[in-house]
Protein chains: 2
Amino acid sequence: MEAETKPERTRLSAEDWELGALELIAESGIGALAVEALARRLGVTKGSFYWHFRTREALLLSALERWERYEERDVLAQIETIAEPHQRLRELFHRVARENMHARIYAALLKALDQPVVVPLMARVSGQRMAFLTRAYREAGLAEADALNRARLTYAAYVGFLQLNLTLGLPKLGHEAFDEYVEHMIRTLVPE
Amino acid sequence: MEAETKPERTRLSAEDWELGALELIAESGIGALAVEALARRLGVTKGSFYWHFRTREALLLSALERWERYEERDVLAQIETIAEPHQRLRELFHRVARENMHARIYAALLKALDQPVVVPLMARVSGQRMAFLTRAYREAGLAEADALNRARLTYAAYVGFLQLNLTLGLPKLGHEAFDEYVEHMIRTLVPE
DNA sequence: GGGCAACCATACGCTGGAGTATGTAAGTGT
DNA sequence: ACACTTACATACTCCAGCGTATGGTTGCCC
């Protein structure tokens with residue numbers, strides 16, 4: 001029954017700052033990642049921050065690298081175990097764009113591609129996902145050139161979907177409307 | 001042989017500032033639209049700016065409204081005259097995403113959907129384009145629900161393509177590779 | 001050819017957010 | 001119980017960028 005009520009007043013580590021940064025990015029984008037704002041959020045002042053990180057950029061970089069490691073390990077690795085390519089792509093579509101924090105961060109990064117820090121990271125992640133998609137389409141029976149273009153199309157559709165839904169509220173699909181959209185997407189993009 | 005060399009030293013109008021703003025947005029995004037920077041670009045100081053506009057936001061709004069008017073009149077209106085739906089969609093795909101200033105501005109706006117000024121504008125433009133696509137797919141023979149989902153898919157692919165190419169240099173397609181991609185897209189998305 | 005209005009320059013104030021300097025409290029080993 | 005490291009607070013400086021105040025210049029019109 002100690003003073004552990006709301007602000008959870010323990011000391012912070014660099015990891016706490018990185019996770020807090022990722023939450024902030026997911027909610028309000030990279031532009032909202034300000035030192036003092038995040039400090040308030042964590043219940044401290046920026047005096048603390050500059051003990052853990054040399055600069056704001058340093059925090060951003062560390063946080064994004066952490067995100068990338070999680071991304072690599074968690075998302076694609078699980079789906080990659082599915083042997084049947086149709087089912088694998090279907091699972092990918094469903095897993096993705098479920099309004100989780102991961103997709104929100106990805107969308108936030110897409111909107112920050114002018115800042116030099118995010119470009120190489122997004123290049124790596126995008127390249128990886130493109131490779132994943134291309135291989136899946138090859139295994140689903142498409143020729144090399146078609147598989148590559150289909151992967152481009154799919155990946156662009158994914159990116160655009162995130163932009164239009166997470167930031168603009170364009171279609172604002174309901175639960176079942178979303179499922180129907182995904183099914184339509186699969187019928188259209190995945191060869192028989 | 002007067003001093004009309006490079007900075008074209010005539011007096012400026014509000015329209016000049018709006019056009020300059022759009023150029024700046026197309027090049028470096030909305031975040032780069034700063035009063036003093038734009039003033040330097042136009043060869044004057046901000047003392048001029050605040051004669052024409054009350055605030056920075058006012059300029060942004062005026063510039064975007066101008067862009068929207070142009071957008072409406074120029075792009076869709078011409079394509080709408082094409083009767084044959086396959087050809088109409090093909091022309092749309094080709095016209096679009098050719099690295100012109102218009103698409104660059106559109107991409108810049110997509111990345112600025114957190115700012116309240118751009119949201120209603122993008123909602124109007126996106127709704128209009130979605131309606132255009134949905135109608136085209138209906139006329140191409142799809143049922144209502146399928147036409148809507150196909151339009152969503154197409155529009156998302158368009159948006160994603162812009163993001164990935166104009167900001168990230170991901171595929172960095174060459175001239176003929178781009179054409180092949182468009183053809184693949186048409187084969188995949190447009191019903192026979 | 002004088003006057004008014006449009007256009008622009010210069011110089012300032014103000015704010016938000018990054019980064020620094022320095023002191024202090026809480027742990028932790030010994 | 002003392003030194004030493006970790007974690008944080010407070011109080012600054014510095015800079016970019018918006019907006020304001022005020023006065024000067026150019027063009028037009030009569």
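Quick note on labels: first sequence line is chain A, next is B, and so on, each numbered from 1.
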J.: Mind listing the N/O atom pairs, protein and nucleotides 2-6 of chain D, below 3.5 Å?
T.:
from  : atom 1 : to      : atom 2 : distance (Å)
D:dT6 : O2     : A:Arg11 : NH2    : 3.2

J.: Can you name the residues that form a ring pair (Phe, Tyr, Trp, His ring centres under 6.0 Å) with B:Tyr106, not counting sequence neighbours?
T.: B:Tyr158
J.: Nearest-Å distance, CG (A:Leu60) to P (C:dA18)?
T.: 11 Å
J.: For A:Leu38 and C:dG17, give me the distance from atom CG to atom P, rounded to whole Å.
T.: 13 Å
J.: Identify, with sequence neighbours excluded, every residue that meets side chain to side chain contact (heavy atoms under 4.5 Å, CB included) alongside A:Arg138.
T.: A:Glu144, A:Ala147
J.: A:Glu80: what forms a side-chain hydrogen bond (donor to acceptor under 3.5 Å, both in side chains) with it, not counting sequence neighbours?
T.: A:Arg135
J.: List for me each residue that meets side-chain hydrogen bond (donor to acceptor under 3.5 Å, both in side chains) alongside B:Glu65, sequence neighbours excluded, and say none if there are none.
T.: none
J.: Could you run down the sub-3.5 Å N/O contacts of the protein with nucleotides 19-21 of chain C?
T.:
from   : atom 1 : to      : atom 2 : distance (Å)
C:dG19 : OP1    : A:Thr55 : OG1    : 2.9
C:dG19 : OP2    : A:Tyr50 : OH     : 3.4
C:dG19 : OP2    : A:Thr55 : OG1    : 2.9
C:dG19 : OP2    : A:Arg56 : N      : 2.9
C:dG19 : N7     : A:Lys46 : NZ     : 3.0
C:dG19 : O6     : A:Lys46 : NZ     : 2.3

J.: Using whole Å, what does the distance between atom P of nucleotide C:dA18 and atom CG of A:Leu59 come to?
T.: 10 Å
J.: Could you work out, with side-chain hydrogen bond (donor to acceptor under 3.5 Å, both in side chains) as the rule, every residue matching A:Glu57, not counting sequence neighbours?
T.: none
J.: Take atom CG of B:Leu42 and atom C1' of C:dA9, then tell me their distance rounded to the nearest Å.
T.: 15 Å
J.: Please confirm whether the shortest side-chain N or O distance from B:His52 to OP1 or OP2 of C:dA6 is below 4.0 Å.
T.: no
J.: Below 3.5 Å, can you tabulate the donor-acceptor pairs from side chains in residues 16-36 of chain B to any protein atom, sequence neighbours excluded?
T.:
from    : atom 1 : to      : atom 2 : distance (Å)
B:Asp16 : OD2    : B:Ser13 : N      : 2.8
B:Asp16 : OD2    : B:Ser13 : OG     : 3.2
B:Glu18 : OE1    : B:Arg66 : NE     : 2.6
B:Glu18 : OE1    : B:Arg66 : NH2    : 3.0
B:Glu27 : OE1    : B:Arg41 : NH1    : 3.3
B:Glu27 : OE1    : B:Arg41 : NH2    : 3.3
B:Glu27 : OE2    : B:Arg41 : NH2    : 2.8
B:Glu36 : OE2    : B:Lys46 : NZ     : 3.1

J.: Taking the basic N atoms (NZ, or NE/NH1/NH2) and the acidic carboxylate oxygens, is any pair closer than 4.0 Å for A:Glu71 and A:Arg129?
T.: yes
J.: Can you name the ring pair (Phe, Tyr, Trp, His ring centres under 6.0 Å) partners of A:Tyr50, sequence neighbours left out?
T.: none
